[in-house]
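Report on the structure given below.
Naming convention: chains lettered A, B, ... in sequence-line order (proteins, then strands); numbering from 1 in each chain. All values derive from a computational prediction rather than experimental measurement.
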Amino acid sequence: MKYYHKEETANGQAKSPVKTEYISGAEAVLKCLLAEGVDTIFGYPGGAIMPVYDALYDYQDQINHILPRHEQGAIHAAEGYARVTRQTGVCMATSGPGALNLATGIADAIMDSVPLVCITGQVFSHVLGSDAFQETDVIGCTNSISKWNCQITRPEQIPEAFAKAFYIANSGRPGPVVIDITKDAQNGKFDFSYQSTKYIRSYHPLPKPKKDAIQNAADLINAAKKPFILAGHGIQIAGAQEEFKTFVEKTGIPLGCTIHGLSSIPNSHPLHMGMLGMHGNYGPNIKTNECDVLIAIGMRFDDRVTGKLSEYATQAKVIHIEIDPSEINKNVHADVAVLADAKDALKALIPLVKKKSYPEWYAEFAACDKMEYEKVIQRDMQANAKNEMRMGQVVKEVSDQTKGQAVVVTDVGQHQMVAARYYNYLSTNQWVSSGGAGTMGYGLPAAFGAKYAQPEREVVCFVGDGGFQMTLQELGMCSQWNVGVKIVLLDNNYLGMVRQWQQLFFDRRYSSVELQNPDFLKIAEGFGVKGRHITDPKDLKEAVAEMLAFDGPYLLHVSVEKEENIFPMVPSGCSISDTRLE
Amino acid sequence: MENKEYTLSVFSENKVGLLNRVVSIFTRRYVNIESLNTSESSMTDVYRYTIVVTTTEEMVKKLCAQLEKQIEVLKAFYYENDEIVYQEIALYKVPTAVFLEGNHVEKLIRAHNARILDIEKEYIVLEKTGHKSETEALLRELEQIGIYEFVRSGRISITRPMEQLNNYLKTLEAHQNVN
Ligand SMILES: Cc1ncc(C[n+]2csc(CCOP(=O)(O)OP(=O)(O)O)c2C)c(N)n1
Ligand SMILES: [Mg+2]
């Protein structure tokens, strides 16, 4: 039933008529999603969300619903989707265990600034607080891991909550929001109309860069002798890749990327000196403690980047360009803080900075690169004495064959660091990984989401044998939707990253890090996913080619050196000046 | 950096569950909330939290930044004690019998500027407003003659500088009209 509802304004004039429809809350949820341009939901049904699933039955032609094998799979898929498209990912689950299975992903998304709208079903409002079947306090549980959350107990609350949710999730510093809807609010009918919003009185996500801050930043930059740029996730989130390139080229300032800053500028750029952080490149870490002006753009000085804070860049004047005010002076004192998104800030800065070049300074980075190459990279690129493959070698092969253009998704561990270090990122928005939270099990479902969102791109997922087993049931999701994720399982038969720490810092006391692994190919086969296992480096090239040529999901199981260590390494709690090469 | 007593004034929209978020900002950073009071402010729809903590200025700045990061928080201010006028209220329940013995109690009430709220056969309820040290001082004295019950409210405070929030909200609304 459709009718028009006229609103009178205070002075008696009729406003333009607002079209409303008398529909259920459940159907309203779908209409809100459609109004926000959502085409895909990653979700898992259950009692408290059944009305929405029932409504979905009639909307299958307008909205895709992807069924994972676990709610964690749904939310990581939504994250993967959001990471490559920079649009809000949507996931849905039932109350209680369903909602709690989303929790890891919500925490992951807030750490890595991923825009998500998470919809959870809730028990009837009249039994809230009575420990009803599958009742959990979703709002209470998600308070500290969501950017915003709200509970809906009446259908009329739905449109405004969704409008706010989508605005909040993907404005300012993006993050996950949670909407918890009681079953009676889904069942109840009301006059539905929808208006998206870009205004919340208490929320000001896009501060404009202040003129004096920009001028102060430009003055520091123009006077610098050894400036260095730290490029964070914020550049790609703001879509500021072009501005960033212009800024870098005009100022001639060398840069290092944080792990999520990867692919904000191609690796091939001569001023790109590599990655920062615990397993980053030698030069960027060492030179952070030697530069005179540090320009941090859209990054938050995570402890994996800074190492020991009291010995981090103490010699440098720090310019911090950041959209989230709570990050300014949180870990590192900013001499100049530019509160703005990277795009606006760089646009304002570019005309004020001088064209410069620092040949001697570049040479210092080159010297570091040479050391790192001789001590680490060269070794990582070849098989060991026992003819066992090294992870770096595998990643390099995939990188070469995909010409640096693939979306690289990883799980968490040694293979993740190797994928960050040795893939040659030449495109953009091509790094999808769990950084802040370090969530094992992230890789496969996130890769699904990325590939589902952008089927035209090659999506390669590097996983470890440990993390793969946390969510490998999502092979079922890949198979059911025939989503051609290329999974490269780097199998060292160990929880490698933990083993490395035990070797280096706990006297080789290997405590619960060795796995008895299954026959991964049989598992893949069971899910209808094709695969191949290689152990000999001579098969690598051809196996990667076969994988890439295959149309559909594919598992390449590579047995690699068991006790490989990742270097360079800034041991936790140490200064970045003490980066170890061996 | 040295620890000091700070009073935070946090202004927010009225939203169920926000208190939970506010509190966890402190507990997550292992900062003890010494007192917390919530009420409506002079502006309809705007709620006001008054929170007392003892910590460093660096930490209190970070707390304010985290508070303002909450979507429904309009603004968070922090003050040292000399920048605010503040009060707490305390109630004391004491046995009526001791009151009837001489004028000892009357002197106490006068000296502490307390007042009697209620007189029953068995007990009398006294009220005193003041700083913590003042309500505490009366408590110590009453303890000597016997006390049934004692309760002290959270701190409420008014800033010495003219209220900044009214102006802030006006600029917000002006901003909205531009948009
Ligand atoms: C959910 C979760 N549990 C535990 C950890 C701690 N952890 C970090 S890396 C790692 C080992 C990962 O092993 P694997 O997946 O085989 O990768 P590898 O390091 O061997 O490449 C562990 C256990 C984590 N990051 N996430
Ligand atoms: Mg492993």
Side-chain angles (χ1 to χ4, degrees), chain A residues 107 110 113 125 128-129 137-154 157 160-161 164-165 167-169 171-173 175-180 197-208 300 309 322-334 337 339, chain B residues 1 8 10-31 41 43-49 56-78 165-179:
Chain A
I110 197 142
S113 310
S125 62
L128 278 171
D137 175 11
V138 171
I139 298 301
C141 290
T142 58
N143 268 336
S144 65
I145 52 172
S146 60
K147 185 172 175 186
W148 183 74
N149 56 12
C150 81
Q151 186 172 62
I152 290 174
T153 54
R154 284 180 291 117
Q157 299 167 327
E160 194 192 332
K164 277 186 167 178
Y167 174 45
I168 292 166
S171 56
R173 177 174 175 183
V177 304
V178 177
I179 303 182
D180 190 44
T197 183
K198 290 271 176 279
Y199 180 78
I200 295 172
R201 178 170 73 163
S202 55
Y203 175 60
H204 304 277
L206 201 62
K208 288 271 163 286
R300 61 186 174 89
L309 257 186
E322 169 59 46
I323 197 165
D324 177 356
S326 73
E327 291 298 345
I328 307 277
N329 295 334
K330 187 182 85 177
N331 294 340
V332 171
H333 171 76
L339 197 57
Chain B
M1 238 193 243
L8 288 83
V10 185
F11 294 87
S12 79
E13 305 288 359
N14 178 21
K15 191 203 176 210
V16 184
L18 185 60
L19 178 62
N20 214 326
R21 279 181 173 260
V22 165
V23 169
S24 78
I25 286 171
F26 293 80
T27 50
R28 245 188 95 179
R29 291 168 181 79
Y30 214 78
V31 175
S41 76
M43 288 150 286
T44 37
D45 298 342
V46 175
Y47 275 67
R48 176 170 190 163
Y49 298 72
T56 61
E57 181 162 20
E58 186 188 343
M59 177 57 89
V60 85
K61 278 184 183 165
K62 287 181 190 176
L63 290 168
C64 285
Q66 292 296 331
L67 287 163
E68 287 186 353
K69 190 166 166 172
Q70 305 306 314
I71 304 294
E72 279 92 1
V73 169
L74 289 150
K75 205 77 192 150
F77 303 99
Y78 71 92
L165 191 80
N166 284 323
N167 300 337
Y168 176 73
L169 282 182
K170 274 185 202 126
T171 52
L172 282 190
E173 259 132 48
H175 178 80
Q176 178 187 22
N177 294 338
V178 174
N179 278 355

Note to self: So, taking the atom named CG in D324(A) and the one named NZ in K69(B), what distance separates them when rounded to the nearest 0.5 Å?
What the structure shows: 4.0 Å
Check: Roughly how far apart are S326(A) OG and L63(B) CG, rounded to 0.5 Å?
Finding: 11.5 Å
Checklist line | Distance-only donor-acceptor check, side chains Q70(B) and W148(A), under 3.5 Å | finding: no
Notebook entry, point to check: Can you list the steps and then say if R201(A) with V46(B) is a side chain to side chain contact (heavy atoms under 4.5 Å, CB included)?
Noted result: CA-CA 11 Å; R201(A) 178 170 73 163; V46(B) 175; 3.6 Å; yes
Item checked: Proximal component of T142(A), with respect to chain B [non-hydrogen, under 4.5 Å] -> backbone
Next item on the list: Carefully, step by step, assess K147(A) and I71(B) under the rule side chain to side chain contact (heavy atoms under 4.5 Å, CB included).
Entry: CA-CA 8 Å; K147(A) 185 172 175 186; I71(B) 304 294; 4.1 Å; yes
Note to self: Please give me the minimum heavy-atom distance between S144(A) and S24(B), naming the atom from each residue.
What the structure shows: CB-OG, 4.4 Å
Check: Can you tell me how far the SG atom of C150(A) sits from the CG atom of L18(B), to the nearest 0.5 Å?
Finding: 12.5 Å
Notebook entry, point to check: Do Q151(A) and V16(B) have side-chain heavy atoms sitting under 4.5 Å apart?
Noted result: no
Note to self: Report which part of I168(A) has an atom under 4.5 Å of a heavy atom belonging to chain B: side chain, backbone, both, or neither.
What the structure shows: side chain
Next item on the list: For each of K15(B), E58(B), E68(B), K75(B), tally heavy-atom pairs with chain A at distances under 4.5 Å, and name the one with the top tally.
Entry: K15(B)
Note to self: Walk me through whether N149(A) and R21(B) qualify under side chain to side chain contact (heavy atoms under 4.5 Å, CB included).
What the structure shows: CA-CA 10 Å; N149(A) 56 12; R21(B) 279 181 173 260; 3.4 Å; yes
Check: Is it true that atom CD of E160(A) has more than 12 heavy atoms of other residues, nucleotides or ligands lying nearer than 6.0 Å?
Finding: no
Check: What part of E72(B) gets closer than 4.5 Å to chain A, counting heavy atoms only: side chain, backbone, both or neither?
Finding: both
